[in-house]
Amino acid sequence: MTTGKFISLEGIDGAGKSTHLNPIAEWVRARGHEVLVTREPGGTPLGESLRQLLLHQSMDPDTEALVMFAARREHVLKVIAPALQRGAWVISDRYTDASFAYQGGGRGVSLAHLSYLESWVEGGVRPHLTLLFDLDPIEARKRVLKGTPHPDRFEREQDAFFNQVRAAYLARAAAEPRRFHILDSSQTPETIFAQVCLALEGLTR
Ligand code: TYD
C-alpha cells in the first residue's frame, strides 16, 4: 500500500507556524506529490463546528480535551488516514501535540488521560515530522496583538499559561527527538524556512 507523509506544525499562538504553511505545501507540490493542507481543531465539517465552540465557549478543561479529541477522531478517520492511504502528503496546522501542550501543560489535564485518548483516537496515525515553532511568549504575544483584532479565548490567556504550553511542547520534543524538529522563531522567516526545507528533505530520503 502506498502511503504519504504526515507533517504537523506546532507552537504557541503567535510563534509563526501559519506563515510557513503554504510555502511548505508548495515545496511538497513542486516535488510531484498530492498535498492536503488541513488544521486542528477542524478539518471536517463537524470538526469546524466544534472549533467554534472550543475557541469561543468557556468549558471545563477535561471537557475541552475531550472535545479536541472528538474533533480529531473525525479528522483522522475522514480526512487524514484516507489521504495518507492514497499517497498524499498531509500538512496539518496542529495535531495531538497541541492537546498535550495546551490541555496538559496549560490547563493541567492528566497526562495519563491524554495518553489514553491519544492511542485511542490516533489509531496509529502519527506525524512523520513535527515542526515545532518555538518562541518566547512575550514576543509571541506582541505578534498576536499586532495580527489579531479579535483574539479567541486561547489567545487571551496570560504569559504564565503560554510558558507552561511552551514547556510542555519542549518536553514532548525531548521525548521524541527523531519526529520533532525545533525551529527558533526569533529568526527571520527566510532563515526559518531554509531550516524547514532541510527537515522536509530528510523526509524524502
Ligand atoms: P490556531 O492554530 O492557533 O488557529 P489560528 O492560527 O487560526 O488562531 O488554533 C486554535 C487554538 O486551538 C490555539 O490557540 C491552540 C488551541 N488548541 C488546543 O488548545 N488543543 C488542541 O489540541 C489543538 C489542536 C488546538
Side-chain angles (χ1 to χ4, degrees), residues 6-25 37-44 46-76 79-80 90-111 113-122 125-127 130-135 137 139-169 171-173 183 185 189:
F6 181 14
I7 302 165
S8 59
L9 275 60
E10 298 284 358
I12 62 171
D13 291 85
K17 63 186 166 50
S18 305
T19 310
H20 296 284
L21 202 58
N22 286 328
I24 292 170
V37 175
T38 187
R39 69 171 180 181
E40 290 204 349
T44 64
L46 176 60
E48 291 294 327
S49 301
L50 295 174
R51 178 185 177 93
Q52 289 312 310
L53 293 174
L54 285 160
L55 297 193
H56 303 294
Q57 167 105 46
S58 102
M59 60 186 85
D60 169 79
D62 285 345
T63 308
E64 187 178 282
L66 289 163
V67 179
M68 288 288 178
F69 274 99
R72 182 164 299 126
R73 184 63 185 157
E74 283 291 297
H75 196 203
V76 168
V79 175
I80 301 176
V90 176
I91 305 167
S92 188
D93 190 342
R94 303 193 186 281
Y95 191 59
T96 306
D97 298 304
S99 298
F100 280 86
Y102 280 79
Q103 283 65 56
R107 307 259 195 250
V109 170
S110 147
L111 295 186
H113 288 163
L114 294 175
S115 295
Y116 180 76
L117 289 169
E118 175 183 37
S119 55
W120 179 18
V121 166
E122 285 188 347
V125 177
R126 305 271 295 156
T130 297
L131 298 167
L132 174 56
F133 294 84
D134 182 53
L135 188 63
E139 179 56 31
R141 173 172 302 285
K142 284 189 206 149
R143 296 185 187 181
V144 168
L145 290 176
K146 234 193 255 169
T148 318
H150 304 292
D152 61 45
R153 67 188 189 89
F154 292 102
E155 290 162 337
R156 288 198 301 272
E157 286 290 345
Q158 301 302 306
D159 292 341
F161 174 86
F162 286 110
N163 277 319
Q164 288 165 349
V165 174
R166 183 191 194 191
Y169 267 134
R172 289 279 283 181
L183 299 144
S185 276

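Both ligands and their constituent atoms are indexed starting at 1 by order of listing.
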Could you list each N/O atom of ligand 1 together with any protein N/O atom closer than 3.5 Å, one pair per line with the distance?
unit_1	atom_1	unit_2	atom_2	d
ligand 1	2 (O)	K17	NZ	2.9
ligand 1	2 (O)	R94	NE	2.9
ligand 1	3 (O)	D13	OD2	3.2
ligand 1	3 (O)	R94	NH2	3.3
ligand 1	4 (O)	R51	NH2	3.0
ligand 1	7 (O)	R51	NH2	3.0
ligand 1	8 (O)	E155	OE2	3.2
ligand 1	9 (O)	R94	NE	3.2
ligand 1	14 (O)	D13	OD1	2.9
ligand 1	14 (O)	D13	OD2	3.0
ligand 1	19 (O)	Q103	NE2	2.9
ligand 1	20 (N)	Q103	OE1	2.8
ligand 1	22 (O)	R72	NH2	3.0
ligand 1	22 (O)	S99	N	3.2
ligand 1	22 (O)	S99	OG	2.6

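Side chain of S185 to backbone of A15: a donor-acceptor contact under 3.5 angstrom is found.
With respect to D159, the salt bridge (Lys or Arg N to Asp or Glu O under 4.0 Å) criterion is satisfied by exactly one of K142, R166, R141: R141.
Listed by first and then second residue, the side chain to side chain donor-acceptor pair (under 3.5 Å) pairs involving residues 144-156 are E64-R153 (not counting sequence neighbours).
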Review point. Going through the checks in order, is the side-chain contact (heavy atoms from CB on, under 4.5 Å) test met by S8 and R94?
Key: CA-CA 6 Å; S8 59; R94 303 193 186 281; over 6 Å; no
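The pair K17-E10 does not meet the salt-bridge criterion, since no charged nitrogen lies less than 4.0 angstrom from a carboxylate oxygen. Between E48 and R39, at least one side-chain N (NZ, or NE/NH1/NH2) sits under 4.0 Å from a carboxylate O, which counts as a salt bridge.
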